[in-house]
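Sequence lines set the chain letters: A, B, ... in the order given, protein chains first and strands last, and positions in each chain run from 1.
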Amino acid sequence: MRLADIARASRDIGAASARTEKVALLAELFRAADPADAPVVIMYMSGRLPQRRIGVGWNTLRERREPSPEPRLGVREVDALLTRIAAVSGKGAQGERKRLLDELLGAATEEEQLFLLRLISGELRQGALDAVAVEGLASAAGAPVADVRQAVMLSGSPAAVAEVLLSRGPSALAEFRLTVGRPVLPMLAHTAKGIDEALARTGPCALEEKLDGIRIQVHRDGDDVRVFTRTLADITDRTPEVVALVRALPVRRVVLDGELLAFDERGRPRPFQETSGRTGSTLDVAGAQTAVPLSPVFFEVLHVDGEDLLDTPAAERRALLDRLVPEAQRVRRLVVADPTDPKERAAAAAFAAEALERGQEGVVVKSLDAGYSAGRRGTSWLKVKPVHTLDLVVLGAEWGHGRRTGTLSNLHLGARAADGTFAMLGKTFKGLTDALLTWQTERLRKLTVAEETWGVTVRPELVVEIAFDGVQRSTRYPAGVTLRFARVVRYREDKLPSDADTVESVTALLP
DNA sequence: TGTGTCTGCCCC
DNA sequence: ATTCTGC
DNA sequence: GCAGAATGGGCAGACACA
């Protein structure tokens with residue numbers, strides 16, 4: 001298949017507003033594709049590269065290249081060139097990557113260039129990614145969407161599903177089942193505001209501590225143990241303690257789902273930054289392990305010795321987990337059989353409070369009868385985390401992109417310092433409705449003291465209430481702290497900058 | 001050798 | 001990660 | 001309710017450059 005066909009389809013999909021139309025355009029594209037090209041086509045149309053990372057980012061893409069007048073690139077050729085770019089390393093790598101990129105873009109027409117730039121920078125913005133691409137694929141192959149979606153969740157690979165489906169037809173979908181050694185997309189949770197709301201929504205449930213580490217899925221087949229992250233990256237080599245621990249379990253074949261994090265001597269969780277740093281270390285794993293040992297805490301079992309448990313009710317899965325995994329490696333849990341019973345509700349509230357006292361992030365409330373919905377953000381899992389708020393001062397704002405073009409979007413936030421100035425603590429663009437975006441753009445223009453290429457700096461007069469999940473240490477900001485997951489709640493025009501919260505009060509929230 | 005910049009289906 | 005918006 | 005878009009901070013690793 002020619003790149004030109006893909007670039008044109010992407011443009012048409014972006015121009016279509018109705019989802020059904022996007023699906024139809026995708027189906028047309030898949031029907032025209034050679035099954036051998038299908039893996040690459042579906043990945044491109046869902047906005048990602050088969051190479052995962054190619055070492056080329058926004059900065060390298062910035063400069064303009066003269067386009068080719070005629071289309072002459074095929075998808076296989078493009079894929080091969082990107083593979084070569086990804087493989088470049090060592091001294092002079094940046095120059096060599098740039099040279100290969102010039103070669104690629106020089107052979108592309110203007111429309112193809114635009115597509116490649118959007119694809120490589122990760123900003124496809126065609127209003128259709130994974131889910132819509134899968135619908136298009138299903139439609140092209142005449143297969144039920146639910147079956148195709150299920151195959152993708154269980155194989156973790158739209159590419160593999162696309163090739164099999166287009167070459168062998170819908171009946172071949174049956175071979176995509178949970179396979180020990182091949183990760184499935186993890187089940188995710190929705191958010192609830194409080195315990196009571198969560199209990200009301202799930203019914204009979206279990207509360208589990210929500211630990212602040214990284215999500216892992218561990219597969220064991222005999223002595224072969226593999227550790228995967230939430231995005232299914234293989235981090236086995238970085239986590240030898242997980243391998244050793246799972247190898248010691250009294251079972252031959254198993255798939256476990258849990259959280260990996262560092263604890264201190266007293267059993268309290270270390271700051272997320274330490275866990276994150278450790279799981280990112282590859283050069284000296286043994287040294288890193290000594291400095292920051294990690295402990296897995298499991299909360300799900302998806303397979304045991306030949307038996308798949310995805311459709312098994314949560315309560316039964318948990319009973320199996322209890323038999324297989326020692327208590328120290330199982331998440332703490334409280335069953336709430338009858339959420340209407342005031343006593344049980346009180347116990348649930350106490351459990352959640354205790355989790356926070358123990359230094360955990362919050363709790364996850366899980367329906368007792370639910371199966372494991374791989375890759376879905378089901379309503380049977382609800383996370384509850386405390387929310388903090390602060391009154392901060394807007395110091396500046398950045399121009400938005402895409403659907404936010406022309407509006408001042410990303411706010412620079414400051415807290416009051418001892419000397420009466422304001423220290424920047426972070427940025428946020430979240431929580432803003434279109435109406436608020438319009439309002440703040442006008443308001444900030446009036447307060448502007450300097451126009452920059454990226455946006456504006458303003459007189460520090462506007463107070464905004466910001467919600468966030470916690471504070472963490474920062475090397476980027478002058479006060480040495482920043483907010484985690486900051487979002488706008490509302491503007492406080494009734495408040496003066498002198499009413500804003502202080503740097504000191506923010507720093508006091510560090511764990 | 002040390003420091004700065006860019007990158008990432010990164011992790012959250 | 002969170003949030004808003006169109007479907 | 002789902003899916004997509006628009007963006008946050010920190011971190012380690014890889015390379016460029018002085």
Chemist: Which of these nucleotides, dC4(C), dG4(D), dC15(D), is closest to any side-chain atom of Thr433(A)?
Modeler: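 Side chain of Thr433(A) sits closest to dC4(C).
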Chemist: What nucleic acid atoms does Lys22(A) come within less than 4.0 Å of, heavy atoms only: base, sugar-phosphate, or nothing?
Modeler: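 Nothing, no nucleic acid heavy atom in range.
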Chemist: So what does Thr229(A) hit on the nucleic acid, given a heavy-atom distance under 4.0 Å: a base, only sugar-phosphate, or nothing?
Modeler: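 Sugar-phosphate contact only.
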Chemist: For Leu49(A), report the nucleic acid contact type (base, sugar-phosphate, nothing); a contact means any heavy atom under 4.0 Å.
Modeler: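 Nothing, no heavy atom under 4.0 Å.
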Chemist: Please give, in whole Å, the distance from dG4(B) C1' to Asn59(A) CG?
Modeler: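 Answer to the nearest Å: 13 Å.
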Chemist: In whole angstroms, how far is the C1' atom of dA6(D) from the CG atom of Asp434(A)?
Modeler: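 Computing the Asp434(A):CG to dA6(D):C1' distance gives 12 Å.
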Chemist: Nearest to the Lys427(A) side chain among dG9(D), dC9(B), dG4(D), which nucleotide is it?
Modeler: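 Nearest to the side chain of Lys427(A) among the choices is dG9(D).
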Chemist: If you count every heavy atom of other residues, nucleotides or ligands that lies below 6.0 Å from Gln273(A) atom CD, does the total exceed 12?
Modeler: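 Yes, because the 6.0 Å sphere around CD of Gln273(A) holds more than 12 heavy atoms from other groups.
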Chemist: Are OP1 or OP2 of dG13(D) and a side-chain N or O of Thr282(A) less than 4.0 angstrom apart?
Modeler: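 Affirmative; the distance criterion is met.
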Chemist: For residues His401(A) and Glu123(A), is any side-chain donor paired with an opposing acceptor at under 3.5 Å?
Modeler: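 No donor-acceptor contact under 3.5 Å links the two side chains.
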Chemist: Look at the aromatic rings of Trp439(A) and Tyr491(A) and report parallel, tilted or perpendicular, splitting at 30° and 60°.
Modeler: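 The arrangement is tilted - the two ring planes meet at 30° to 60°.
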Chemist: Just to be sure I understand the rule, does Gly90(A) reach a base, reach only the sugar-phosphate, or reach nothing, if contact means heavy atoms closer than 4.0 Å?
Modeler: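 The residue Gly90(A) makes sugar-phosphate contact but no base contact.
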Chemist: Among dG10(D), dG8(B), dG4(D), find the nucleotide with the atom closest to the side chain of Ala131(A).
Modeler: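 For Ala131(A), the side-chain atoms sit closest to dG4(D).
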Chemist: Would you call dC11(D) syn or anti, using the 90° rule around 0?
Modeler: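 Nucleotide dC11(D) adopts anti.
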Chemist: Write down the partner of dC11(B) under the Watson-Crick or G-U wobble criteria, each distance required to be under 3.5 Å.
Modeler: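 Here dC11(B) is engaged in a pair, and the nucleotide opposite it is dG9(D).
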Chemist: For Val488(A), report the nucleic acid contact type (base, sugar-phosphate, nothing); a contact means any heavy atom under 4.0 Å.
Modeler: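 Nothing: the residue Val488(A), judged by heavy atoms under 4.0 Å, touches no strand.
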Chemist: Please name the pair of heavy atoms, one in Asn59(A) and one in Arg62(A), separated by the smallest distance, quoted to 0.1 Å.
Modeler: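 Shortest heavy-atom contact: OD1-NH2, 2.7 Å.
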Chemist: Give Ala18(A) one of three labels, base, sugar-phosphate or nothing, depending on what nucleic acid heavy atoms sit under 4.0 Å from its own.
Modeler: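 The residue Ala18(A) makes no contact with any strand.
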Chemist: Which nucleotide in the set dA14(D), dG8(D), dG4(D) lies at the smallest distance from any side-chain heavy atom of Val132(A)?
Modeler: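 Closest of the options to the side chain of Val132(A): dG4(D).
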Chemist: For Asp469(A) and Ser17(A), take the nucleotide of DNA chain C holding the closest heavy atom to each; which residue's nucleotide lies nearer the 5' end?
Modeler: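 Whichever sits nearer the 5' end wins; that is Asp469(A).
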Chemist: Determine: side-chain N/O of Gln472(A) to OP1/OP2 of dG9(D), distance under 4.0 Å, yes or no.
Modeler: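 No, no such contact exists.
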Chemist: With a non-hydrogen cut-off below 4.0 angstrom, is Leu232(A) in contact with a base, only sugar-phosphate, or nothing?
Modeler: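 No contact.
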Chemist: Can you figure out which of dG9(D), dC11(D), dA1(C) approaches the side chain of Tyr477(A) most closely?
Modeler: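 The answer is dG9(D).
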Chemist: Please confirm whether the shortest side-chain N or O distance from Arg230(A) to OP1 or OP2 of dA1(C) is below 4.0 Å.
Modeler: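 Affirmative; the distance criterion is met.
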Chemist: Checking all strands, does His412(A) fall into the base, sugar-phosphate, or nothing category for heavy-atom contacts under 4.0 angstrom?
Modeler: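 The residue His412(A) makes no contact with any strand.
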Chemist: What is the distance, rounded to the nearest whole Å, between atom CG of Leu294(A) and atom P of dA12(D)?
Modeler: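 Distance, rounded to whole Å: 13 Å.
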Chemist: Taking NZ from Lys91(A) and C1' from dA18(D), how many angstroms apart are they, rounded to a whole number?
Modeler: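 After rounding, the reported distance stands at 12 Å.
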Chemist: Among the candidates dT7(B), dC11(B), dA1(C), find the nucleotide nearest to the side-chain atoms of Thr60(A).
Modeler: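 Selected nucleotide (nearest to the side chain): dT7(B).
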Chemist: Please give, in whole Å, the distance from dC9(B) C1' to Ile42(A) CD1?
Modeler: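 So the CD1-C1' distance, Ile42(A) to dC9(B), works out to 14 Å.
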Chemist: Within the structure shown, what part of the strands sits under 4.0 Å from Gln126(A) by heavy-atom distance: base, sugar-phosphate, or nothing?
Modeler: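 The answer is sugar-phosphate, as Gln126(A) gets under 4.0 Å only of primed atoms, P, OP1 or OP2.
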Chemist: Between dG8(D) atom P and Arg484(A) atom CZ, what is the distance in whole Å?
Modeler: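 Going from CZ in Arg484(A) over to P in dG8(D) covers 17 Å.
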Chemist: So is Arg484(A) actually on top of Phe272(A)'s ring, under 6.0 Å and inside 45° of the axis?
Modeler: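 Pair Arg484(A)/Phe272(A) counts as cation-pi.
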Chemist: Taking only side-chain nitrogens and oxygens of Arg48(A), does any of them come within less than 4.0 Å of OP1 or OP2 of dG8(B)?
Modeler: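 False: Arg48(A) side-chain N/O out of range (4.0 Å or more) of dG8(B) OP1/OP2.
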Chemist: Taking for each residue the nucleotide of DNA chain C with the nearest heavy atom, is it Arg403(A) or Thr191(A) whose nucleotide lies nearer the 5' end?
Modeler: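 Nearest-nucleotide comparison on DNA chain C picks Thr191(A).
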Chemist: Quick one: do Arg270(A) and Asp212(A) satisfy salt bridge (Lys or Arg N to Asp or Glu O under 4.0 Å)? Show the steps, please.
Modeler: CA-CA 9 Å; Arg270(A) 317 248 350 150; Asp212(A) 193 11; over 6 Å; no
Chemist: Can you tell which of dG9(D), dG1(D), dG8(B) lies closest to the side chain of Thr379(A)?
Modeler: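 Nearest nucleotide to the side chain: dG1(D).
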Chemist: Considering non-hydrogen atoms only, spot the tightest contact between Glu103(A) and Leu81(A) and give its length.
Modeler: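 The pair with the smallest heavy-atom distance is OE2-CD1, 3.9 Å.
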Chemist: Classify Lys210(A) by what it touches in the nucleic acid, base, sugar-phosphate, or nothing, heavy-atom distance under 4.0 Å.
Modeler: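 No contact.
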Chemist: By the 4.0 Å heavy-atom rule, please label Thr428(A) as base, sugar-phosphate, or nothing.
Modeler: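 Counting heavy atoms under 4.0 Å across all strands, no contact is made by Thr428(A).
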Chemist: How long is the straight-line distance from NZ of Lys427(A) back to CG of Leu483(A), given to the nearest 0.5 Å?
Modeler: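 Separation between the atoms: 13.5 Å.
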Chemist: Side-chain N or O of Lys383(A) versus OP1/OP2 of dC12(B): is the shortest distance under 4.0 Å?
Modeler: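 It does not, given that no N or O in the side chain of Lys383(A) lies less than 4.0 Å from OP1 or OP2 of dC12(B).
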Chemist: State whether Thr231(A) places a side-chain N or O below 4.0 Å from either non-bridging phosphate oxygen (OP1 or OP2) of dC11(B).
Modeler: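 The answer is yes; a side-chain N or O of Thr231(A) sits under 4.0 Å from OP1 or OP2.
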Chemist: Look at all strands and tell whether Arg404(A) reaches a base, only sugar-phosphate, or nothing, counting heavy atoms closer than 4.0 Å.
Modeler: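 The residue Arg404(A) makes sugar-phosphate contact but no base contact.
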Chemist: What nucleotide, of dC12(B), dC11(D), dG8(D), holds the atom closest to the side chain of Arg215(A)?
Modeler: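 Selected nucleotide (nearest to the side chain): dC12(B).
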Chemist: Tell me: CZ of Arg118(A) to P of dA6(D), nearest whole Å?
Modeler: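 Rounding to the nearest Å, CZ of Arg118(A) and P of dA6(D) are 11 Å apart.
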Chemist: Considering only dC9(B), dC15(D), dG10(D), which nucleotide approaches the side chain of Arg476(A) most closely?
Modeler: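 The answer is dG10(D).
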Chemist: Between dA12(D) atom C1' and Phe272(A) atom CZ, what is the distance in whole Å?
Modeler: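 Going from Phe272(A) (CZ) to dA12(D) (C1'), I get 13 Å.
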Chemist: dT2(C), dC11(D), dC15(D): which one has an atom nearest the side-chain heavy atoms of Phe485(A)?
Modeler: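 The listed nucleotide nearest to Phe485(A)'s side chain is dT2(C).
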Chemist: Across the strands shown, which category fits Arg487(A) at heavy-atom distances under 4.0 angstrom: base, sugar-phosphate, nothing?
Modeler: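 Result for Arg487(A) = sugar-phosphate.
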Chemist: Take a 6.0 Å sphere around CG of Asp311(A) and say whether it holds more than 12 heavy atoms from other residues, nucleotides or ligands.
Modeler: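 No, CG of Asp311(A) has 12 or fewer neighbouring heavy atoms, counting only those of other groups under 6.0 Å.
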Chemist: So what does Ser46(A) hit on the nucleic acid, given a heavy-atom distance under 4.0 Å: a base, only sugar-phosphate, or nothing?
Modeler: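 Ser46(A): no heavy atom of the nucleic acid under 4.0 Å.
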